[in-house]
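The sequence lines fix the lettering, A, B, ..., with proteins before strands; numbering per chain opens at 1.
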There are 2 protein chains.
Amino acid sequence: MRWEELDQEPCSVARALAVVGDRWTLIILRDCFLGVRRFDQFESRLGITRHVLTDRLKKLVENGVLAKVPYQEKPLREEYRLTDKGRALHPVIMALVHWGNTYMADERGAPLVHIHKPCGHQMHPVTVCSHCREEVTARDVRIEAGPGWKTTQTSPSDRQSTNR
Amino acid sequence: MRWEELDQEPCSVARALAVVGDRWTLIILRDCFLGVRRFDQFESRLGITRHVLTDRLKKLVENGVLAKVPYQEKPLREEYRLTDKGRALHPVIMALVHWGNTYMADERGAPLVHIHKPCGHQMHPVTVCSHCREEVTARDVRIEAGPGWKTTQTSPSDRQSTNR
DNA sequence: ATAGATGAGTTCCAAAATAGAACCTAAGAA
DNA sequence: TTCTTAGGTTCTATTTTGGAACTCATCTAT
């Protein structure tokens, strides 16, 4: 399968990854959440080549994750800002930061910490059920085919009981 | 910067992505959470080439995300199972599924839905603060340098106010 | 007026990664 | 004896990256 065909897949992970799933895109988005907006800031912070950065930013704009907003004219200069769709990726980034902090930190501890402004405390993200508000673990969740699952292929519940 | 140097970065996202951030790895992990364990199952479900699948599985094992467990001898056959470290990526996958369901679904609706077994309801993941248990949005969170941040570079709070 | 500097790219080539197919090996089945 | 299965490895052709240099319009300093 070619990467570009991935967004045809009837799986939300595949579709999401078709947009954000390559080597650089999530790091670019991390920087967006840190307030970075301009081409040369991304370039100098990331150590990414200009060619690839151009391409990734363009794709993020095409997919509505970032928007190009002019911040001056003569000459026209534009910066990249998160859209609502882009900001909705924040839980993904937070979850990655937390996982990295937990499992990939060196002896000095976490390089980045999250502060929850409303309560003022250092925090890490906790995932809870939207219905009962109980904390969710991998074993508590069953994945089922939803309305958008193609009927021409095996449903996920046709397979073994999910996880473990 | 080469991809392999990324795990040296003092950023948990970068370190996390050094392990799970390439085109195929998160899709492999999605299948792990669906109960897939064997080489040929991954291959036929994913449309990935065997060469790349071998490489990704090996890296996931090296990084302690998956473990090779023999399920028969003569001939030796091994399957790949999530470790605790791997299962800890579940919030990342759930967040990606939810984002994909919300923003990338077609007119028929979500291809995958989550059921929270303890309460029995369809759910989506909600991220709350580990301290006050209030729901967290991107604007509620400030990112600060933690103990593991290298002092030789600019701290994230030296920059503009985070997000927005 | 001329010579940089800035911001945001584009172009070019070499190196690395990927897709697709064929081949390998050990054991068991027909 | 040949076929099938599980889990790879090897090969070549195509894509994607990395790295460096070039472009272009506008400011700024000399």
Engineer: Answer yes or no on whether A/Arg37 is positioned over the face of A/Tyr71, meaning its NZ or CZ is under 6.0 Å from the six-membered ring centre and within 45° of the axis.
Structural biologist: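 A/Arg37 over A/Tyr71 ring: no.
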Engineer: Whole angstrom is fine here: how far is it from CZ in A/Arg38 over to P in C/dG9?
Structural biologist: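 So the two atoms are 13 Å apart, to the nearest Å.
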Engineer: Give the nucleotide from the list C/dT18, D/dG8, C/dG9 with an atom nearest to the side chain of B/Lys68.
Structural biologist: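 Nearest nucleotide to the side chain: D/dG8.
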Engineer: Roughly how many Å is it from CZ in A/Arg50 to P in C/dC12, rounded to a whole number?
Structural biologist: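 Atom CZ in A/Arg50 sits about 17 Å away from atom P in C/dC12.
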Engineer: Let me know the distance between CG of B/Asp40 and P of D/dT4, rounded to the nearest Å.
Structural biologist: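 After rounding, the gap between these two atoms is 16 Å.
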Engineer: Give me the atom names and distance for the closest heavy-atom approach of A/Asn63 to A/Lys85.
Structural biologist: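 For A/Asn63 versus A/Lys85, the nearest heavy atoms are O-NZ, 2.7 Å.
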Engineer: So with a 6.0 Å cut-off around CD of A/Glu73, is the heavy-atom count from everything else above 12?
Structural biologist: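 Not buried by this count: 12 neighbours or fewer within 6.0 Å.
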Engineer: With nearest nucleotides of DNA chain C determined for B/Arg56 and A/Glu79 from heavy-atom distances, which residue corresponds to the more 5′ nucleotide?
Structural biologist: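 The answer here is A/Glu79.
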Engineer: A cation-pi test, strictly: NZ or CZ of A/Arg56 under 6.0 Å from the centre of the six-membered ring of A/Phe42 and no more than 45 degrees from its axis. Yes or no?
Structural biologist: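 Judged by the rule (NZ or CZ under 6.0 Å from the ring centre, within 45° of its axis), A/Arg56 is not positioned above A/Phe42.
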Engineer: If I take atom CG in residue A/Asp22 and atom P in nucleotide C/dA17, what distance separates them, rounded to the nearest angstrom?
Structural biologist: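 Distance check: A/Asp22 CG to C/dA17 P gives 15 Å.
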Engineer: Name all residues meeting the ring pair (Phe, Tyr, Trp, His ring centres under 6.0 Å) criterion together with A/Tyr103; count only those two or more places apart in sequence or in a different chain, and write none if there are none.
Structural biologist: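 So A/Tyr103 forms a ring pair (Phe, Tyr, Trp, His ring centres under 6.0 Å) with A/Trp99.
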Engineer: D/dG7 C1' sits how many Å from B/Glu43 CD, rounded?
Structural biologist: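 The distance from CD of B/Glu43 to C1' of D/dG7 comes to 9 Å, rounded to the nearest Å.
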Engineer: Need one value for B/Tyr71: base, sugar-phosphate or nothing, where a base atom within 4.0 Å counts as base even if backbone is also close, heavy atoms only.
Structural biologist: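 Answer is sugar-phosphate: B/Tyr71 comes under 4.0 Å of backbone atoms only.
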Engineer: How many Å lie between CG on A/Leu46 and P on D/dG19, as a whole number?
Structural biologist: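 The distance from CG of A/Leu46 to P of D/dG19 comes to 13 Å, rounded to the nearest Å.
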Engineer: Shorter than 3.5 Å, N or O on both sides, protein versus nucleotides 27-30 of chain C: list them out with atom names.
Structural biologist:
from   : atom 1 : to      : atom 2 : distance (Å)
C/dA27 : O3'    : B/Lys74 : O      : 3.4

Engineer: Just to be sure I understand the rule, does A/Lys58 reach a base, reach only the sugar-phosphate, or reach nothing, if contact means heavy atoms closer than 4.0 Å?
Structural biologist: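 Answer is nothing: A/Lys58 stays at 4.0 Å or more from every strand.
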Engineer: List for me each residue that meets side chain to side chain donor-acceptor pair (under 3.5 Å) alongside A/Ser44, sequence neighbours excluded, and say none if there are none.
Structural biologist: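 Side chain to side chain donor-acceptor pair (under 3.5 Å) check on A/Ser44 returns nothing, list empty.
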Engineer: Which residue in the set A/His116, A/Met123, A/His90 passes side chain to side chain contact (heavy atoms under 4.5 Å, CB included) when paired with B/Asp140?
Structural biologist: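 Between B/Asp140 and the candidates, side chain to side chain contact (heavy atoms under 4.5 Å, CB included) is satisfied uniquely by A/His116.
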Engineer: Please state how far atom CZ in A/Phe39 lies from atom P in C/dA8, giving the value in whole angstrom units.
Structural biologist: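 After rounding, the reported distance stands at 8 Å.
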Engineer: Could you state the OH-C1' distance from A/Tyr80 to C/dG7, rounded to the nearest angstrom?
Structural biologist: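 Roughly 11 Å, once rounded to whole Å.
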